[in-house]
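So the structure is just underneath, and the comments pick up after that.
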Amino acid sequence: MNDHKKQPVHLVLLHSNDIHGDFAGTSKEGLLTGGLSLLSGLLRRIRQEERNVIYAIAGDMFMGSIIDQEYKGLSTIRMTNALEPDVFCLGNHEVDYGLAHLLFLEKCSDFPVVCENIYIRELNRRVFLPFVDVVRQGVKVRIIGLLTDSIGEKLLQEEQVDSTVSIRDPLKEIARFLQKEMQGHADITILLTHIGIVEDRKLAEILAPEWGVDLILGGHSHTFMEQPETINGIPVVQAGFGSGQLGRFDLYFDRENRKITDWKWELLQVNEKTGEPDPLIDFYMDRFRTEVDRKYDQVLVTFPCEYTHPGFHKETQLLDLFADFYQRTFETDLFLLSSNVIRAKRLGPVVTRKDFIIAFPYENAVYQLTVSGRCLEQIIRHTLRKNAWEGTSIYFLFSENMRVEITREEKIIQKMEIYGGPVEADRKYKLGITEYAYKNPELFLGIAPEELGTEIPVKKLSENDRGSLWSFFALHDEISLRNEGRLVLLD
């Protein structure tokens, strides 16, 4: 009996994040890859092979799929139930259909939803469970959820909710919680976060050893990692985004000394070789897809050819094309569009409403900033700074009225023109942006929030960019890329 106790307990901790409606598999080099059906098959195989398995999801199952949008997340909950997660941390896109609707969806879930830092303001009461305890072979694993405090326009538009609900700073709140509020013994403590890799790193740095945090499983920034980063003695990791991969920790816990003695991590690939399809999820997918196809298969627009979007951190045909569509639709001097709004690698020549929603799954409000040429040049320099090309910041591209020459290696701007001439320092320019940039101006534009609209007020051009673009397509026959290569890389 004593020898048995001395044997370390082997725990298998599986994790996903930011699946974003990536329900259906795709063919890669002749191999069916990703999709919830094959992900479920891989999970089932590991559960059959291993004794002590825990599966955690670090937010953002919702949005990114026309099926998810059509059923307002209910389709996602039904298929996520089939994955049988042990715990799910809220992501920012889980509130996109409204907090009241999210509370209904929570009641439809067969798994616990955790979020430690969202509160009913006046009652000082949490809206969701802060954590769950999962016990495997006598080892209690405590998993605490944390949500980013940037939760998007849609929740803020719910006036009654916005006035009564607060999302507290995740780093400050978790420090207070771990020190003063968390009661009871846990053998292993995991932070399941949806705050992004940069904030995860900051979080790891502030955690005191006596708070007992062993791992951070993150989401939100869609970060692929070859290995976890160990910060302040704590492994920090994400599993990219989508359903094409699954993170796996093998943890070895010494029950006598109550500590993890060893661990290893790998990113497993989800494909038809690693898991068998799940018939229940396939049934749901066929049912949901049939209804969506019936409703959205009308032709929306025709391009002269297929346009492509092979990467998030460079100029692409689709990014050029849609930056121009936004600029022409909203009649601005220039439009800045983030590359990650486009979720398809190719589009056209025939584009149905369904194709469009798959490629552009997120709806945004659109804003106009009136800025001086001096300020515009600062914004462009900020959006094209080197770390945007390297993937540590979101990459933005401008519409056709501007041309920029930039060095290939150092990413230093050598020349900037608008309307075929220099940017005039004191001239006023109308700059269009989506709410994604408007809500995070310091990060994405290099402008402090209090500086927005100081000279000329910010103008809201549209509540819904998708509807505005569809109206533009209906009125214009010339739907083609007119100025590819507006960003010139110099050797």
Side-chain angles (χ1 to χ4, degrees), residues 150 153 198 312-316 319-341 364-462 465 482-490:
S150 299
E153 179 79 2
V198 173
F312 285 150
H313 305 290
K314 59 183 178 180
E315 180 179 4
T316 70
L319 188 55
D320 280 344
L321 186 70
F322 275 87
D324 295 349
F325 286 163
Y326 275 88
Q327 185 265 315
R328 292 159 64 190
T329 297
F330 298 106
E331 299 179 340
T332 57
D333 293 306
L334 198 68
F335 205 98
L336 283 177
L337 190 65
S338 60
S339 65
N340 67 339
V341 303
N364 282 282
V366 177
Y367 296 85
Q368 176 183 294
L369 310 180
T370 303
V371 298
S372 67
R374 188 178 298 104
C375 180
L376 178 62
E377 185 170 343
Q378 292 173 353
I379 290 172
I380 298 300
R381 290 185 182 278
H382 181 81
T383 59
L384 293 179
R385 66 198 188 280
K386 192 171 184 180
N387 62 359
W389 297 77
E390 296 171 343
T392 55
S393 180
I394 300 299
Y395 181 88
F396 283 78
L397 192 67
F398 41 82
S399 53
E400 62 182 337
N401 291 336
M402 176 164 277
R403 185 177 186 274
V404 172
E405 295 180 2
I406 186 169
T407 58
R408 187 179 299 275
E409 295 299 327
E410 298 86 358
K411 300 300 185 292
I412 299 172
I413 292 177
Q414 300 294 313
K415 187 177 182 180
M416 187 184 305
E417 292 183 338
I418 189 168
Y419 292 117
V423 178
E424 300 176 32
D426 296 320
R427 178 177 170 178
K428 299 300 182 185
Y429 294 94
K430 294 184 293 183
L431 174 64
I433 56 174
T434 66
E435 69 178 88
Y436 187 60
Y438 177 70
K439 290 296 180 181
N440 300 277
E442 194 159 19
L443 175 62
F444 296 139
L445 306 177
I447 301 176
E450 59 270 17
E451 294 177 11
L452 291 175
T454 52
E455 295 185 35
I456 299 176
V458 175
K459 185 177 181 181
K460 195 171 191 177
L461 301 178
S462 174
D465 53 356
R482 302 194 300 198
N483 186 15
E484 190 176 0
R486 63 201 64 181
L487 186 56
V488 180
L489 298 179
L490 305 173

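Please read these numbers as outputs of a predicted model, since none were measured by experiment.
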Please tabulate, one pair per line, all N/O donor-acceptor pairs under 3.5 Å involving side-chain atoms of residues 447-456, not counting sequence neighbours.
residue : atom : partner : partner atom : Å
T454    : OG1  : E451    : O            : 3.3
E455    : OE1  : K428    : NZ           : 2.4

Are the side chains of [X] and [Y] in touch, meaning some heavy atoms are under 4.5 Å apart?
X	Y	result
R482	R328	yes
K460	V458	no
F322	V341	no
R486	D324	yes
L489	I406	yes
Y429	L334	no
N401	F335	no
Y395	L319	yes

Got a sec, which residues hit side-chain hydrogen bond (donor to acceptor under 3.5 Å, both in side chains) with S462, two or more places apart in sequence or on another chain?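 Expected list: S468.
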
Would you give the length of the straight line joining atom [atom1] of [X] to atom [atom2] of [Y], rounded to the nearest 0.5 angstrom?
X	Y	atom1	atom2	answer
L397	I380	CG	CD1	9.0 Å
T329	D465	OG1	CG	9.5 Å
I412	K386	CD1	NZ	8.5 Å
I413	K411	CD1	NZ	11.5 Å

If you look at every heavy atom in [X] and [Y], which pair is closest and at what distance?
X	Y	value
L336	L431	CG-CD1, 4.0 Å
A323	S399	O-CB, 3.5 Å
P441	K439	CD-C, 3.4 Å
A425	S372	O-CB, 3.6 Å

What's the verdict on side-chain contact (heavy atoms from CB on, under 4.5 Å) for L384 and F398, showing C-alpha distance, side-chain angles and the deciding distance? CA-CA 10 Å; L384 293 179; F398 41 82; 4.0 Å; yes

Taking it one step at a time, do M416 and I418 satisfy side-chain contact (heavy atoms from CB on, under 4.5 Å)? CA-CA 7 Å; M416 187 184 305; I418 189 168; over 6 Å; no

Looking at [Y], is its backbone amide N or carbonyl O close enough to the side chain of [X] to form a donor-acceptor pair, meaning the two atoms are under 3.5 Å apart?
X	Y	value
E315	G485	yes
D320	E484	no
R385	H382	yes
Q368	L461	no
S339	H313	no

Give the C-alpha distance, both sets of side-chain angles, the deciding distance and a yes or no for side-chain contact (heavy atoms from CB on, under 4.5 Å) between N440 and I394. CA-CA 11 Å; N440 300 277; I394 300 299; over 6 Å; no

Going by ring-ring contact (aromatic ring centres under 6.0 Å, His included), name the residues that satisfy it together with F330, two or more places apart in sequence or in a different chain.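 So F330 forms no ring-ring contact (aromatic ring centres under 6.0 Å, His included) with any residue.
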
Judged by modelled atom types alone, do N364 and Y438 share a side-chain donor-acceptor pair under 3.5 Å?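 No donor-acceptor contact under 3.5 Å links the two side chains.
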
Please check if any side-chain donor atom of N340 sits under 3.5 Å from a side-chain acceptor atom of S338, or the reverse. yes

More than 12 non-hydrogen atoms from neighbouring residues, nucleotides or ligands closer than 6.0 Å to CD on Q414, yes or no? yes

Counting only heavy atoms not in E405, do more than 12 fall under 6.0 Å of its CD?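 More than 12 heavy atoms, drawn from other residues, nucleotides or ligands, come within 6.0 Å of this atom.
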
Partner of K430 under side chain to side chain contact (heavy atoms under 4.5 Å, CB included), picked from L369, V371, L376, D333, is D333

Parallel, tilted or perpendicular: ring planes of F396 versus F444, cut at 30 and 60 degrees: tilted

